Structure formats: C-alpha cells, structure tokens
Amino acid sequence: MCGIVAVTGYRKALSLLLDGLEKLEYRGYDSAGIAIVNSENKELVCNKSEGKLINLINKVGQKEILGTVGIGHTRWATHGKPEVKNAHPHLDSSGKVAVVQNGIIENFLELRNKLEEEGIIFKSDTDTEVIPHLINKELNNLKKLNLEDSGSTLLIAVRNVLSDLEGAYALAVLWSDAPDSLVIARRQAPLIIGLGEGEFICASDTPAIVDFTQTILPMEDEEIALLTPLGIELYDSNNERQYRNPISLKCSEQVVDKKNFRHYMHKEIYEQPELTQKWIKNYLIKNSESGLIKVNYSFDTNFLENIERIQILACGTSRHASMVGSYLLEQFAGIPTDVFYASEFRYSPPPILPNTLTIGVTQSGETADTLAALSMEISRREDLKDELCKPNLIAITNRPDSSIGRQISNVIDISAGIEIGVAATKTFFGQLLSFYGLAITFAQIKRSKTDDEINQLISNLENLPPLLKELVDQHNEISEKLAHDFSDIKDVIFLGRGINYPIALEGALKLKEISYIHAAGYPAGEMKHGPIALLEKKVPVISIATPGKVFEKVISNAQEAKARDSYLIGIAPKCDGTEIFDYLMPLPLSDEWLSPLLAVIPLQLLSYHIAAHRGLDVDQPRNLAKSVTVE
Ligand code: AGP
C-alpha cells in the first residue's frame, strides 16, 4: 500500500522517480508526488497531483527540474481523503524537509496535538505530516551541536524521531541542507535498496528497481540508512552498523509487459495454462529408481511427518485459495485444517495445540495482516518453550524475496511471474496448485489415500494444461457475449458447495472488485436460511455444479432459486441435471477434486468482461491496492 521511490546519484532524479512510480502504481493510485533537491539553488522542489500518476506526469513531465536527489510517492489513502493536500511528500514548515511514507503512524494524533500546541500549522489530514515537523525540530536541536556532516545530522535527527513513532512505516527523507543525502527507514513495511554505480535507488518493491540495477539490499525491520552517491551507511535499531552482501534480482520475473492484451488482468488469466505447465515441471518430480512422483520442495520436508493439524492464515483471494486448500488437506490428506482471516487471528487466536503446521498464504508476501498474524503466532509458540508446540511454518507466495520470504524459511514459490492486475487471478491459481501439491505430500505421508488414488490426482493434474487452454479460449468468447446482459445488473449471487464453495466466494470477490457490482457468495445449502430473500428477476444466480459428492444437492438448491424467478447461470458440464440452467457456461466433465481449477476460469473471465464492457479501470479498480501493507 503506497509506493515509495527515492534516488541519489548523478542522473536526473525526475525521470528516475517517475519511471519508478509507474512500476509501483499498483500499490495505490489516489495521488502521486515528488520532491527533488534543486542542484542549483539547493531548494526543495515539490509537486503533487490528485489521482493517478498520469496527472503528475502531465504536470511535471515536461518541466526541467534540475537535481539528482529526490523522493516520490504513489498513495493509497488511509488518513485523509485522496486530495492534493494529503498527497506525499509532506514538508515541514521551513520547506526544507520532505518525507514520503508507507504505513500508519498510530500515535500521530497525540504527536500532532503536541506540535500544534507549539504553534506548528498542519496542512494535511495525514498521519505522515507529523514526521517532517518532528525531524525539523530535531534538526534545530542538533544544529546547536555544530555537527560537521549534514548527512549524518539528518540520520541522527530521523533516528531520534523514529523512536517516538508507533505503528508501521517505510519512509524516505530529504533535507535541502544535506543536498546529496537521503535517509530511509523501515518498520514492518517493505523497503529495498537498489545498488548502482555511484547511485542508489530505494523502493517499496523490486519492479521499480529492476531497470536500474539487478543488485539489491532488502532492508530488515527497524533498520535505518543514509544514502549518498558515495555509499550506504546501514544501522540496526541498536545503532550498530550493518554490513551485508547484496543479492541479485531474478529480473525475468519482474518484467512488466502487457503483450497484446488491453488489460493486464486479461493477460494474466490467459497465463494460467502455462503456469500450470511450469508448476508440473518444477514440482511433480518422478524418482528415477522407484518411479514414484513426489512434490519437489526447496526445503527439507521431514518435519511434516509429525504434523497433526494445520492452520492457514491469509486475506482476500489468498484466503479463498486457502479454503480450497483446507478442503483438500482435510478430505484428501486427512489432516484437520482451519483457515483464518489473518486480521482476526492476530487478536483472537485459538489455543495453542501441539504438532501444528502454520501456513501463511500471500501472493505479495507483504500483506501486513498476514505478516503480523504470523509474527504473533511464531512468538507465542517460541515463548512456550515446548518442543511439541514449536512453530512449524510454511509460506506460500509469489514473491519469495518479500517480507514473508524473510520471515519464514520454508517457502513454496508459486512462480506465477509478476501480477500487475490488482485483482488477483493467476496468483490465486498458483496458490491452488501449491495446495494440491501439499495435499499430495500429506496424503503420501499419512497414507490417507491409496497409491492409485494419489496417482490418479497427479495424472489428472498433469493432463490439465491443454484442457485449461481450451477452457480459457472458449470462455473468453462466451463471457464477452454474456457481459452485455449484465449492463443493468446491480446484485449477483454466487453459489457453490464443498470444494467449490470457496470458488463461489472468489467469483463474487472478483466481480465486486473490478465491476463494482454487489455480489455475494454462499454455500448453496445456506440460501434457504436467509439469503434467498434477496432473489428476484434482476438478481442473477451463478451456480457452480460439478458432478461429485454434492452435485444433486447443488442442483436442488438451484431449483429453489429458479422458483424465485432468478436468472440461473450454471458453471457446470453439460450432463443430466444441468438442463435446469437458463444459461450454461460449460465445463469439461472432470474428477471432482480437480473442479476448482476449472470452475474458476469462467468466473474470472466473466468478471473481467463485465468490467471491461462497462469501461472500468480493470487493472486499477477504485479504492484498492495490490499490496495491502497496512493493518
Ligand atoms: C485480490 O483480488 C485482492 N485484491 C485482495 O483480496 C488480496 O487477495 C488480499 O489483499 C491479499 O493479498 P496477498 O495475497 O498479497 O496477501
């Protein structure tokens, strides 16, 4: 949430900042702004615009702003409306200190009140604005000490201020009296330093860095750094200087290319068959001696043998994938599994039970709720000092280089390639595949299924890519036509049961996120307990009905909706029973275990085409951001 870019070096800061912000716009697009130290008169030049980055580019793109040191920000509003006055950077009263921040300063009101009592006049409603005022105050105090080096003075001032801040932040600070210097710091929000030759770029995420350098230094929690073109001084919270080797970026995974698609989301839906092919190649590995196929992890899986229960922490779409995962882990692998909203788990966790595996699922690897819930779980288990209750952890993510990758060493990399569309599609699919892998591993360990049953699932997965490819092409056409019928629709109900109930939830979430149509997903059997009151002609019901355990029940539930005049759309194979649907979005007949991987495709495409047909901003829907780095 919110993207930060900061540069110091020898090249013009303006274009570097704007390029970087463009790559981070998925993190928020309520407003954008930059501040640069003018290299001639050493004054800060600050420009901001409401709305998307393009507004800022139109404002400053043609300007000649001289200066090689600057900071930039693209905002997702938390405190204060998305207006220019609340756009970052925020300046102190002297106009010499500028700050961009990502995160929330929880004690900002208390700090603001104190500063106001001292006569400081605030210009914004944000929590961030307290920071430049506090830094300026510290700088004034430090001036009395006559420190020689202005960069170090800024570093000390920022460090002193940070000790007064509560909450999470990643921030970058400029001071016009230290014209070559940048100070950056992080606590529970990502910040990465890109190392060039005689220049540095610092950003919330790697796409902003990849065109600049492949060598990065991710900052650790509570670290602060002073950057000048001459080098980096990095310190931990105890003020100990830190020396670490930088790491290399896997640049192929960061390339942002829309190909011939109008929207990234559309392209990303189309990438799912290839992603599946890649997953099969990377993860389903045949042992050359035994001929057995095992799932290939990058970590030692011996600890899984003692696992008796699983808890999964996730948010949004990742939570929906986890719910399918939970179904597979319980019903296929026989392990009791619970899925929690990460935001709820942190404050009301269940009692600690022994031999528990905790799985954190997050495509971005930066979701604050998920990271905080995991930290809490790790520390309460470590505090117990009981070997049986020790934290056993796995992360499922598309960004092994992210905060979750640093928090948890056992990472399942979904390797979906960077996802730009704010509404997750291919990363959801990658998460599902990871759960199929885990269910196979646990079924092999626990002997919950026969070898034949396990091999059948493996072989069904191996046969999936061409089926998916056909499905995407077929449903792209179907959905494009069907989207016209949704022009006046205001509410849609999604129904599913068993393994496909989470797919109904995901279908509803996708539609809400990008088309702004109200949608709700229910387990089909729950309709009669209340939601059925919503049904009428103008409320279409989209029902996932795949042959298996609950097929007849789902069809009966669909009948109940039809009796209330609803227009019934079936995501179902053409077979006995599915003639009840007014409109059929056909699925191939398949094994029930596999059905979520098929059923989600028409739902993604339908949401996409409805939103595109309405002329909406599919890739950057209002009020959302790709990485939700505030709690
Ligand atoms: C997905 O379409 C959403 N934008 C959102 O629900 C997302 O899944 C959620 O914020 C969790 O993100 P994560 O996977 O990066 O943790």
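These figures come from a predicted structure and were not determined experimentally. First listed ligand is number 1; within each ligand, the first listed atom is number 1.
Side-chain atoms of Gln363 and Ser318 form no donor-acceptor pair, as typed in the model, at a separation below 3.5 Å. Side-chain atoms of Asn500 and Ser595 form a donor-acceptor pair, as typed in the model, at a separation below 3.5 Å. Under the 3.5 Å distance criterion, with hydrogens and angles disregarded, no donor-acceptor pair is assigned to the side chains of His79 and Asn86. Looking at Ser375 and Gln407, their side chains do bring a donor and an acceptor atom within 3.5 Å of each other. Side-chain N/O atoms of Ser402 and Glu366 include no donor and acceptor closer than 3.5 Å.
At under 3.5 Å, not a single nitrogen or oxygen of Thr370, backbone or side chain, sits near a nitrogen or oxygen of ligand 1. Considering backbone and side-chain N/O of Gln431, none are found under 3.5 Å from N/O of ligand 1. Considering backbone and side-chain atoms together, Ala625 places no N or O closer than 3.5 Å to any N or O of ligand 1.
One option in Gly316, Ala314, Cys315 has a heavy atom closer to atom 11 (C) of ligand 1 than any other, and that option is Cys315. For atom 2 (O) of ligand 1, the choice among Glu513, Arg319, Gln363 with the nearest heavy atom turns out to be Glu513.
Applying the 4.0 Å criterion to heavy atoms of Val422 picks out, from ligand 1, the atoms 2 (O), 4 (N). Heavy-atom contacts of Val628 reach the following atoms of ligand 1: 10 (O) (cutoff under 4.0 Å). Atoms of ligand 1 lying under 4.0 Å from any heavy atom of Ala424, numbered from 1 in the order shown and given with element: 1 (C), 2 (O). Every atom of ligand 1 is numbered from 1 in the order shown, and the set under 4.0 Å from a heavy atom of Ser364 is 13 (P), 15 (O). Within ligand 1, counting atoms from 1 as listed, the ones closer than 4.0 Å to a heavy atom of Ala423 are 2 (O). Residue contact check: Ser318 has heavy atoms under 4.0 Å from atoms 8 (O), 13 (P), 14 (O) of ligand 1.
Applying the salt bridge (charged side-chain N to carboxylate O under 4.0 Å, His left out) test to Arg309 and every residue at least two apart in sequence or in another chain returns nothing.
For Lys510, the closest heavy-atom approach to ligand 1 falls below 4.0 Å.
Closest to atom 8 (O) of ligand 1, if we only count protein heavy atoms, is Thr317 N, 3.0 Å. Considering only non-hydrogen protein atoms, atom 13 (P) of ligand 1 sits nearest to Thr367 OG1, 3.2 Å.
A cation-pi contact links Arg319 to Tyr341, judged by a cut-off of 6.0 Å to the six-membered ring centre and 45° from its axis. Arg186 forms no cation-pi arrangement with Tyr169, by the criterion of a distance under 6.0 Å to the ring centre and an angle within 45° of the ring axis.
In this structure, Asp19 does not pair ionically with Lys23, as no charged nitrogen and carboxylate oxygen lie closer than 4.0 Å.
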